[in-house]
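To start, the structure itself, in structure tokens.
In this text, all values refer to a predicted model and were calculated from it rather than measured experimentally. Every chain is numbered from 1 and lettered A, B, ... according to where its sequence line falls, protein lines coming before strand lines.
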There are 2 protein chains.
Amino acid sequence: MQRPDPFNAQCPTRQVLDRIGDKWAVLILIMLDRETLRFNALRRRIENISQKMLSQTLKSLERDGLVRREVFATVPVTVEYSLTELGRTLAKTVEALTLWAESHIEAVQEAQRRYDRGGHEMN
Amino acid sequence: MQRPDPFNAQCPTRQVLDRIGDKWAVLILIMLDRETLRFNALRRRIENISQKMLSQTLKSLERDGLVRREVFATVPVTVEYSLTELGRTLAKTVEALTLWAESHIEAVQEAQRRYDRGGHEMN
DNA sequence: CCGAATCCTGTTTGATACTG
DNA sequence: CAGTATCAAACAGGATTCGG
């Protein structure tokens, strides 16, 4: 194991892991991978997100170089969000996770039912 | 787009996404993918985790059928944690994320520095 | 339309102490 | 060794309001 160790809190890999750990960030990433969107359009697609969290998360994604923010001097102003190339590569990786989720969700739910019934047999 | 939509809060895919979103859960997954470990051994490897969070996270991972818990009637009692087959497949997928992190962390940090300097040029 | 600022609440987490 | 219980602190998140 000569790679940087994510268990060390100082490890930069941890930063990325934390970013992915952010529920809204992942959803926004997936959304913007599909299409460029304006603020309120994005907000309508991700139900239940507050404008505070949306703007906050977008800002941090922009800071990380994952999202590009473009302002157009229309009246009223138009702001478009899209993924950068860097963001697209991350979105692809995250996509693998959602695929895992879709194909294994049943197994997980079955395990939960078994656990909740009190029997903890597992394989 | 005919697959279940993770943006709907009711979608089960969201559950898995949330699980992955858990910082400790991911770290434990990676650790146990490397080797079977006992409670305190695990705790020592993941610095800064409280025993409360460790036990809590392990319990939920066990419930999801990702982690197997085995108790041995020694004195004092021995408890070993390992990944189930299901857990291993998830760990493999998560591994892809850590690989992304390692190879792109520099680009991210560079973007952050640029952003913090005030220039938001991006590509 | 696109946000920032403020306030306020509930969940998460950490410290500490205790049990089988 | 492997946890549970309890309490306080910290933080994330929502609602609301206001401004460019």
Checklist entry - Base, sugar-phosphate alone, or nothing: which one does A:Tyr81 contact when heavy atoms must sit under 4.0 Å apart? => result sugar-phosphate
Checklist outcome for this item: Between CG of B:Leu37 and C1' of D:dG3 the distance, given in whole Å, is 17 Å
Next on the checklist: Do B:Ser60 and B:Arg19 have side chains that approach each other closer than 4.5 Å (heavy atoms only, starting at C-beta)?
Outcome noted: yes
Next on the checklist: Tell me the interatomic distance from B:Arg38, atom CZ, to D:dG3, atom P, rounded to whole angstroms.
Outcome noted: 10 Å
Checklist entry - Tell me: CG of A:Leu54 to P of D:dG14, nearest whole Å? => result 11 Å
Checklist entry - In whole angstroms, how far is the P atom of D:dT16 from the CD atom of A:Gln51? => result 11 Å
Next on the checklist: In this structure, how many angstroms lie between the C1' atom of D:dA12 and the CD atom of A:Gln56, rounded?
Outcome noted: 8 Å
Item to check | Pairwise side-chain contact, B:Tyr81 with B:Leu61, heavy-atom cut-off 4.5 Å (strictly under) | outcome: no
Item to check | Pair A:Glu95 + A:Lys92: basic N to acidic O under 4.0 Å | outcome: no
Checklist entry - Is B:Lys23 touching bases, backbone alone, or none of the nucleic acid, heavy atoms closer than 4.0 Å? => result nothing
Checklist entry - In terms of the nearest nucleotide of DNA chain D, which residue is placed more toward the 5' end: A:Lys52 or A:Pro76? => result A:Lys52
Checklist entry - So, B:Arg38 and B:Glu70, do they make that salt bridge, N to O below 4.0 Å? => result no
Checklist entry - Any side-chain heavy-atom pair from A:Val67 and A:Thr84 closer than 4.5 angstrom? => result no
Checklist entry - Can a salt bridge be assigned to the pair A:Arg88 and A:Asp33 using a cut-off of 4.0 Å between side-chain N and carboxylate O? => result yes
Item to check | Shortest side-chain distance from A:Trp24, nucleotide among D:dA2, D:dT16, D:dG14 | outcome: D:dG14
Item to check | Distance in angstrom units between A:Ile49 CD1 and D:dG13 P, rounded | outcome: 9 Å
Item to check | Beyond-backbone contact of B:Ile49 with B:Leu27, side-chain heavy atoms, under 4.5 angstrom | outcome: no
Checklist outcome for this item: Per-helix bend value, the helix from C:dG3-D:dC18 to C:dG20-D:dC1, C1' rotation axes over five pairs per end, 10° rounding, shows 40°
Checklist entry - Taking CD from B:Glu80 and C1' from D:dA2, how many angstroms apart are they, rounded to a whole number? => result 13 Å
Item to check | Covered region of DNA chain C, 5' end to 3' end, by chain B [heavy atoms, under 4.0 Å] | outcome: C:dT13 to C:dA17
Item to check | Contact check, side chains of A:Val108 and A:Gln112, non-hydrogen atoms, under 4.5 Å | outcome: yes
Checklist entry - Do B:Leu29 and B:Leu90 come close enough that some side-chain heavy atom pair is under 4.5 Å? => result yes
Next on the checklist: Between P on D:dC1 and CD on B:Glu70, what's the gap in Å once rounded to a whole number?
Outcome noted: 19 Å
Next on the checklist: D:dA2, OP1 or OP2 - any side-chain N/O from B:Ser55 closer than 4.0 Å?
Outcome noted: no
Checklist entry - For DNA chain C, whose closest nucleotide is more 5', that of B:Val77 or that of B:Met53? => result B:Met53
